[in-house]
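Scroll down for the structure; my scribbles are underneath it.
Just so you know, these numbers come straight off a predicted model, no measurement behind them.
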Amino acid sequence: MSLLKLNCKLTFFRLLSPARSYGSDVKKTRLHEFHVRHGGKMVPFAGYMMPVKYDDSIAFSHLHTRRQCSLFDVSHMLQTKIHGKHREQFMERICVTDVQNLGTGKSALSLFIDDRTGGILDDLIITKTDGDFLYMVTNAGCKEQDMRMLTEQLSIFKSSGHDASLEFLDSDAQSLLALQGPCSAAILQSFVDGSTDLSSLYFMDSTTTTVCGVPDCRVTRCGYTGEDGFEISIPSDRVEEIAESFVAQDEVKLAGLGARDTLRLEAGMCLHGSDISPETTPVEAALMWTISRKRRDERRFPGATAILKQLSEGAQRKRVGLVQKAHGAPVRGGAVLFNVVDGEKVGSVTSGCPSPTLSQNIAMGYVDSKFAKNGTEIQAEVRGQKIPLIVTKMPFVKPNYYSKPK
């Protein structure tokens with residue numbers, strides 16, 4: 001086994017190490033037996049038994065996604081519908097998106113923000129459907145806190161006479177698949193009804209259609225890999241037959257959480273709890289683009305006072321990409337970063353792995369702002385050794401989104 005394959009095989013265990021022992025509380029998605037039958041290596045993650053990998057290595061699954069198409073089970077994530085006359089106003093109380101001016105059938109990356117500190121409580125995708133509700137997908141690891149926060153904020157909102165309600169979609173009732181890779185559109189087009197033309201569904205567009213004969217599936221052109229792809233919300237009692245139909249195609253292989261992690265890092269995407277957290281702000285995390293100009297000008301979004309103050313005065317640290325100058329073991333999350341001139345601490349790594357696409361080690365982290373310029377040389381300390389790194393722009397790999405021509 002090559003060093004790259006060995007490192008990619010082990011990379012996901014850094015995400016599992018802080019996880020609590022779930023015991024009998026661990027849940028299973030409706031595809032659990034499907035994963036086992038197809039050789040999935042199952043581990044507890046965010047309260048669910050999930051496949052880290054299958055018979056293929058993580059590096060193989062990663063590269064197959066970049067070159068063809070992979071299917072991911074992401075049913076552990078929280079899907080929510082927001083109903084009611086004032087649903088858009090309610091969401092603007094708790095996330096940074098200009099929901100009221102979001103186009104019908106459009107989705108946006110958004111953030112839940114601590115109103116006092118400006119820290120990022122979670123990241124999410126919010127969609128304005130062509131029906132009478134908003135659709136939202138939030139992180140599995142934040143599920144309990146998000147549900148609690150949403151419920152508490154809804155109670156306050158409704159006490160003022162507003163009309164809104166929440167519908168949490170349990171994974172036993174509604175599953176979520178991600179079909180990712182350059183072949184994904186051609187594969188999915190062959191399974192949707194004849195009235196759905198995916199060539200007119202662009203990045204961050206969303207619609208409902210029939211998939212594999214199953215009606216009312218929500219299809220959103222988005223993903224966590226940097227590739228063209230789709231997330232498909234499916235009634236759980238039909239999800240296995242749809243998954244089997246996809247993997248029966250020669251271009252499609254199953255991929256687990258290990259490849260999902262390395263793919264998103266190459267794409268420069270954050271993992272909540274590692275790269276973003278309540279201790280990081282959108283200014284520090286280079287995520288101010290998620291807050292529309294309208295909401296900034298109105299100073300009308302959660303955490304506005306703290307965030308706009310930091311934006312005006314400048315953040316003391318910034319999220320940056322890092323590449324290792326030499327081969328060897330990759331720098332992982334938690335490694336301390338130092339100035340090469342005087343050896344002073346300048347930051348820390350939040351995520352790191354071998355890049356199967358680039359065949360070099362990459363990482364993401366936070367550094368003091370004066371060291372955030374591309375090309376700056378710094379060092380990471382790993383087991384007492386100093387590893388040379390270079391600050392670089394992200395994403396590490398050029399994205400392959402299917403965007404509307406300008």
Q: Keeping the roles fixed (side chain from Asp163, backbone from Lys85), state whether a donor-acceptor pair exists under 3.5 Å.
A: yes
**Q.** Whether Lys325 side chain and Pro388 backbone form a donor-acceptor pair below 3.5 Å
**A.** no
**Q.** Arg218 vs Thr129, side-chain contact (heavy atoms from CB on, under 4.5 Å): CA-CA, chis, key distance, verdict
**A.** CA-CA 9 Å; Arg218 174 155 298 280; Thr129 74; 3.4 Å; yes
Q.
Can a donor-acceptor pair be found, under 3.5 Å and without considering hydrogens, that links the side chain of Asp368 to the backbone of Lys370?
A. no
(Q) Quick one: does any side-chain atom of Gln324 pair with a main-chain N or O of Gln360 as donor and acceptor, under 3.5 Å? (A) no
Q: Inspect the contact between Asp275 and Arg264 and indicate whether a charged nitrogen and a carboxylate oxygen are less than 4.0 angstrom apart.
A: yes
Q) Is there a donor-acceptor contact under 3.5 Å from the side chain of Glu92 to the main chain of Gln100? A) yes
Q. Any donor-acceptor pair under 3.5 Å linking the side chain of Ser369 with the backbone of Gln316?
A. yes
(Q) Quick check with a 6.0 Å cut-off and a 45 degree axis cone: is Lys386 positioned over the face of Phe338's six-membered ring? (A) yes
**Q.** Test: Arg293 and Asp98 ion pair at under 4.0 Å
**A.** no
Q. Any side-chain heavy-atom pair from Val367 and Thr376 closer than 4.5 angstrom?
A. no
**Q.** Whether Ser155 side chain and Glu152 backbone form a donor-acceptor pair below 3.5 Å
**A.** no
Q: Take Arg87 and Asp132, measure what salt bridge (charged side-chain N to carboxylate O under 4.0 Å, His left out) needs, and give me the verdict at the end.
A: CA-CA 9 Å; Arg87 59 188 179 275; Asp132 59 354; over 6 Å; no
Q. Do the side chains of Met136 and Ile82 get nearer than 4.5 Å, heavy atoms only?
A. yes
(Q) Test your reading of the model: is there a side-chain donor-acceptor pair from Asn139 to the backbone of Cys142, 3.5 Å cut-off? (A) no
**Q.** CA sep, side-chain torsions, deciding dist, call: Leu263, Tyr224, side-chain contact (heavy atoms from CB on, under 4.5 Å)
**A.** CA-CA 7 Å; Leu263 287 159; Tyr224 197 46; over 6 Å; no
Q. Would a 4.5 Å heavy-atom cut-off, applied to side chains only, mark Cys270 and His272 as touching?
A. no
Q. For the side chain of Thr117 and the backbone of Gly119, is there at least one donor-acceptor N/O pair under 3.5 Å apart?
A. yes
Q.
Using side-chain heavy atoms (C-beta onward) and a distance below 4.5 Å, is Ile234 in contact with Leu176?
A. no
Q: Return yes when atom CD of Glu241 has more than 12 non-hydrogen atoms of other residues, nucleotides or ligands closer than 6.0 Å, and no otherwise.
A: yes
Per-pair distances, 0.1 Å, donor-acceptor, side chain in residues 396-406, under 3.5 Å, sequence neighbours excluded:
unit_1	atom_1	unit_2	atom_2	d
Asn400	ND2	Glu227	OE1	3.1
Tyr402	OH	Ser199	O	2.6

Q | Check: Ser236 side chain, Ser171 main-chain N or O, donor-acceptor pair, under 3.5 Å | A | yes
**Q.** Parallel, tilted or perpendicular: rings of His76 and Tyr48 (30°, 60°)
**A.** perpendicular
